[in-house]
Structure formats: structure tokens, C-alpha cells
Amino acid sequence: MNMPGELKYTKDHEWVKLEGGTATIGITDYAQEHLTDIVFVELPEIGRKAEEGKPIAAVESVKAVSDVFAPIDGEVTEVNEKLQDAPETLNTDPYVEGWIFKVKPANASDVDKLLSADDYKKLIAE
């Protein structure tokens, strides 16, 4: 299972990459594997306020619909429109091409409170 060490993770199986004041967010390899074939992604609206722990997007697979939770507070600045036509990108490349949305964090240091790759590995091993 792929878990890039430079990312931060949530207990709800989202990942976060903070670069230059922007947090890029998606679902983990573990999440996409358990959802199986992803057929639709509901993206948040640009300008929407993200609230930590609250649903902000949704991913639909042939098995179920799962909420994507905001890992930090902030404002949505960009969404991955490519997922509208190719939602399966979340299955094939969840960490690069399969990002879901970007947020301008209300407090960038909130990212430091998220799980490291090692902590996330321990979580999913339980």
C-alpha cells in the first residue's frame, strides 16, 4: 500500500500536502482500495468554507457513497475538475492526479496536528 512520507493523514483516510500556503487534499490509497471502483466524485464549490471534521465532498463507488471530510479549516480555492470525467483517477493515482480539492488554510499549523505516514500505517493495521 502506497503512503508517501511527505504527506499528512487523517483517521478518516484523507491526505494533505501543504505547499506554499495551499493544502492539497485527497483520499488515501487505503480508502480507494476499500471503496473499489470509483464512479463519481462530488466536488466542493470554490469559495466554500472547509470546517475540520465536516463533510465537504463525496466519492461514489460501485459499493457505496463515502463522505470526504475536511482535514483542516480553510477556504476551497480549487477543485480537480478532471475527476468529473475520470473519477477512476482516484483508484489509479490517488496522490498525484487524483487530488480532490485545494484549500487556503485558516491556520497552516493545523496540518502539523494530522497523522504522519507511520502513525497512519499503525491506524490502518489495527
*asked:* For V62 and T36: C-alpha separation, side-chain torsions, deciding distance, then whether side chain to side chain contact (heavy atoms under 4.5 Å, CB included) applies.
replied: CA-CA 7 Å; V62 294; T36 65; 3.7 Å; yes
*Run the numbers on D110 and K113 for side chain to side chain contact (heavy atoms under 4.5 Å, CB included), then give the verdict.*
CA-CA 5 Å; D110 287 347; K113 299 174 190 170; 3.2 Å; yes
_Applying salt bridge (Lys or Arg N to Asp or Glu O under 4.0 Å) to E51 and K49, what does each step give before you reach the verdict?_
CA-CA 6 Å; E51 295 180 59; K49 297 289 184 215; over 6 Å; no
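What you find for G5 and A117 is that their closest heavy atoms are CA-CB, 3.9 Å. Counting all heavy atoms, side chain and backbone alike, A23 lies closest to I72 at CB-CD1, 3.8 Å. When all heavy atoms of V41 and P87 are compared, the closest pair comes out as CG2-CB, 3.9 Å. Smallest separation of non-hydrogen atoms from K102 and W99: CG-CZ3, 3.8 Å. Shortest non-hydrogen contact noted between Q32 and N91 is OE1-ND2, 2.8 Å. Closest of all the heavy-atom pairs between G98 and L90 is O-CD2, 2.8 Å.
Salt bridge status for E52 with K54: absent, with no side-chain N to carboxylate O gap under 4.0 Å. Between R48 and E75 there is no salt bridge, since no side-chain N of the basic residue sits under 4.0 Å from a carboxylate O of the acidic one.
The closest side-chain heavy-atom distance from I100 to I27 is below 4.5 Å. Using a 4.5 Å heavy-atom cutoff, the side chains of D29 and W15 are not in contact. Here the side chains of D119 and Y9 are not in contact, with every heavy-atom distance at 4.5 Å or above. Counting heavy atoms from C-beta on, the side chains of L35 and K63 never come closer than 4.5 Å. Looking at heavy atoms from C-beta onward, E60 lies out of side-chain contact with E42 at the 4.5 angstrom threshold. Put simply, the side chain of Y95 reaches to within 4.5 Å of the side chain of M3, judged on heavy atoms. No side-chain heavy atom of I46 sits less than 4.5 Å from a side-chain heavy atom of T77. Residues P94 and Y30 form no side-chain contact, since every pair of their non-hydrogen atoms from C-beta on lies 4.5 Å or further apart.
Relative ring orientation between Y120 and H13 is described as perpendicular, the plane-to-plane angle rising above 60° on a 0-90° scale split at 30° and 60°.
The hydrophobic clustering, which links ILVMFWY residues whose side-chain heavy atoms are closer than 4.5 Å, places V111 and V76 together. Grouping the Ile, Leu, Val, Met, Phe, Trp and Tyr side chains by contacts below 4.5 angstrom, directly or via other members, places F69 apart from L7.
The distance from atom NZ of K121 to atom CG of D118, rounded to the nearest 0.5 Å, is 5.5 Å. Residue F101 holds its CZ atom at 4.5 Å from CD1 of I56, rounded to the nearest 0.5 Å. The CG atom of N80 sits 7.5 Å away from atom OG1 of T89, with the distance rounded to the nearest 0.5 Å. Residue E88 holds its CD atom at 9.0 Å from CG of L83, rounded to the nearest 0.5 Å. Rounding to the nearest 0.5 Å gives a distance of 12.5 Å between CD of E6 and OG of S116. Distance check: L115 CG to K8 NZ gives 8.0 Å after rounding to the nearest 0.5 Å.
Counting only distance, with no hydrogens or angles, the side chain of S61 and the backbone of I38 share no donor-acceptor pair below 3.5 Å. The closest donor-acceptor contact from the side chain of N107 to the backbone of S109 lies under 3.5 Å.
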